[in-house]
Amino acid sequence: MLKMGSSQVISLANLLIISVKVLFGSLVMVINGAFSDNMYINWGSHHSWMQGNDLQLVLDQSSGSGVQSKGTYLFGSIEMQIKLVPGNSAGTVTAYYLSSTGDKHDEIDFEFLGNVSGQPYIIHTNIFTQGAGGREQQFYPWFDPTADYHNYTIHWNPNVVVWYVDDIPIRIFKNYQSQGIPYPNAQAMGVYSSLWNADSWATRGGLVKIDWTNAPFIAKYRNFAPRACPWGGPISINQCAAQTPDNWYTAREYGQLSYMKQGQMDWVRKNYMIYDYCKDTKRFNGQFPGECFKPQF
């Protein structure tokens, strides 16, 4: 067995750090995907489970459960692999989102609305700016999200928010703050996920309730990857937005989808989109939010 002295170990560690910086352009990103290093169970700990790269959230008649990140971030890419509740999941919601705190909070959402056996899940997305949401878009998945893990990514930078499913973009929200449309760029957000009882609204508007004979309901997670800029106070508003090599997410290629990615998103939206707030004339009576009149992709 080869033995190394302390100086050799330090040199090897420095080489690893240099390699990480070359590969990812920044040392501020968390590249360890272990849940136990980056998150903690904030409710329902009596029946949830977290170890290393794996997490399991449970909903039964005693309670649901949830986790949140130990740190908060301003811009970057947040990834999570999730295997949703199988079988009859009607009335359940598995939520995965970024959020700041306070009445004027910002928030970027993935919510997975359960359904009766044989019916598709609904991928529900939303974004809040300064406490105002109401920007829902919904999709059917083009795969069975309970059969295997799938990657769900929220990419957030000073110019655009993009929701990805398995590296395929399904939605964009662009920064039109200069034109009076609020954008989430000044509040740190934590990462949250939860599994909870939402049978008052989640499945067919609340018509289908949870069948507790199917409990416990279990959602499984792995490989949490917050490749993002850690919040260090108000100074981070400028530091995390600066166009520097360390802030890799500010590079030009992350501010605009490639032609191929635009094609992928167009395919999803044409074939699997089931609701778009910008087309809901009955709800808004013609008075759509300002971003609905702006190019998003």
### Message
Holding to side-chain hydrogen bond (donor to acceptor under 3.5 Å, both in side chains), I want the full list of residues that pass it with Ser63, two or more places apart in sequence or in another chain.
### Response
none
### Message
Just to verify, what does Phe128 make a ring-ring contact (aromatic ring centres under 6.0 Å, His included) with, not counting sequence neighbours?
### Response
His105
### Task
Please write out which residues are connected to Val116 in a hydrophobic cluster, directly or through intermediates, given that two of Ile, Leu, Val, Met, Phe, Trp, Tyr count as joined at side-chain heavy-atom separations below 4.5 angstrom.
Val208
### Message
Show every salt bridge (Lys or Arg N to Asp or Glu O under 4.0 Å) that has at least one partner inside residues 38-49, sequence neighbours left out.
### Response
none
### Heavy-atom check, side chain of Gln137 versus side chain of Tyr275, under 4.5 Å
no
### Task
State the CD-OG1 distance between Glu136 and Thr125, to the nearest 0.5 angstrom.
8.5 Å
### Task
Evaluate side chain to side chain contact (heavy atoms under 4.5 Å, CB included) for Ile123 paired with Tyr140, printing each intermediate quantity in order.
CA-CA 6 Å; Ile123 301 173; Tyr140 285 136; over 6 Å; no
#### Entry: Non-hydrogen atoms of Asn247 and Thr250 that approach each other most closely
O-OG1, 2.7 Å
### Query
Under 4.5 Å between any side-chain heavy atoms of Tyr97 and Glu111, yes or no?
no
### Pairs flagged by side-chain hydrogen bond (donor to acceptor under 3.5 Å, both in side chains) wherever residues 285-296 is involved - sequence neighbours left out
Arg135-Glu291, Gln179-Lys294, Tyr277-Glu291
### Task
Would you please name every residue forming a side-chain contact (heavy atoms from CB on, under 4.5 Å) with Phe293, sequence neighbours left out?
Phe288
### Task
Tell me yes or no: between the side chains of Asn151 and Tyr164, is some donor less than 3.5 Å from an acceptor?
no
## Note on the structure
Thr92 meets the side-chain contact (heavy atoms from CB on, under 4.5 Å) criterion, sequence neighbours left out, with Leu59, Ser89, Leu195, Ile210, Phe217
#### Entry: Flag if over 12 foreign heavy atoms under 6.0 Å of NZ, Lys104
no
### Intermediate values then yes/no, ring pair (Phe, Tyr, Trp, His ring centres under 6.0 Å), Tyr249 and His155
CA-CA 8 Å; Tyr249 47 83; His155 185 85; 7.3 Å; no
Name the atoms and distances for all side-chain donor-acceptor pairs under 3.5 Å in residues 232-240, with sequence neighbours left out.
residue: Ser236; atom: OG; partner: Gly232; partner atom: N; Å: 2.7
residue: Ser236; atom: OG; partner: Gly233; partner atom: O; Å: 3.4

### Query
Below 4.5 Å, heavy atoms only, C-beta onward: do Phe35 and Val67 meet side chain to side chain?
no
#### Entry: salt bridge (Lys or Arg N to Asp or Glu O under 4.0 Å) pairs, two or more places apart, involving residues 250-262
Asp167-Lys261
### Task
With Pro184 as reference, evaluate Leu74, Leu98, Ile127 under the side chain to side chain contact (heavy atoms under 4.5 Å, CB included) test and give the passing residue.
Ile127
### Message
Taking transitive links into account, so neighbours of neighbours count too, which hydrophobic residues share a cluster with Ile218 at under 4.5 Å side-chain distance?
### Response
Val58
## Note on the structure
Sorted by chain and number, sequence neighbours left out, ring-ring contact (aromatic ring centres under 6.0 Å, His included) with Phe112 holds for Phe110, Tyr152
### Message
Could you check whether any side-chain heavy atom of Ile78 comes within less than 4.5 Å of a side-chain heavy atom of Phe224, counting everything from C-beta outward?
### Response
yes
### is_close_aromatic(Phe75, Trp156), centroid dist under 6.0 Å
yes
### Message
For a quick test of reading the model, state the closest non-hydrogen atom pair linking Asp276 to Arg269 and the distance between them.
### Response
OD2-NH2, 4.0 Å
## Note on the structure
Applied to residues 185-203, the side-chain hydrogen bond (donor to acceptor under 3.5 Å, both in side chains) test, sequence neighbours excluded, yields Ser100-Gln187, Asp106-Gln187, Gln177-Asn185, Ser193-Tyr221
#### Entry: Test item: Val160 and Tyr254 side chains (from C-beta on) under 4.5 Å apart, heavy atoms
no
### Message
Could you tell me if the side chain of Pro295 sits less than 4.5 Å from the side chain of Tyr176, heavy atoms only?
### Response
yes
#### Entry: Any side-chain heavy-atom pair of Pro216 and His47 under 4.5 Å
no
### Message
Is a donor from one side chain sitting under 3.5 angstrom from an acceptor on the other, for Thr244 and Asp246?
### Response
no
#### Entry: Considering all heavy atoms, the nearest Tyr73-Val191 contact
CE1-CG2, 4.1 Å
### Message
Tell me if the aromatic rings of His124 and Trp163 count as close, with their centers under 6.0 Å from one another.
### Response
no
### Message
Test your reading of the model: is there a side-chain donor-acceptor pair from Ser45 to the backbone of Ile41, 3.5 Å cut-off?
### Response
no
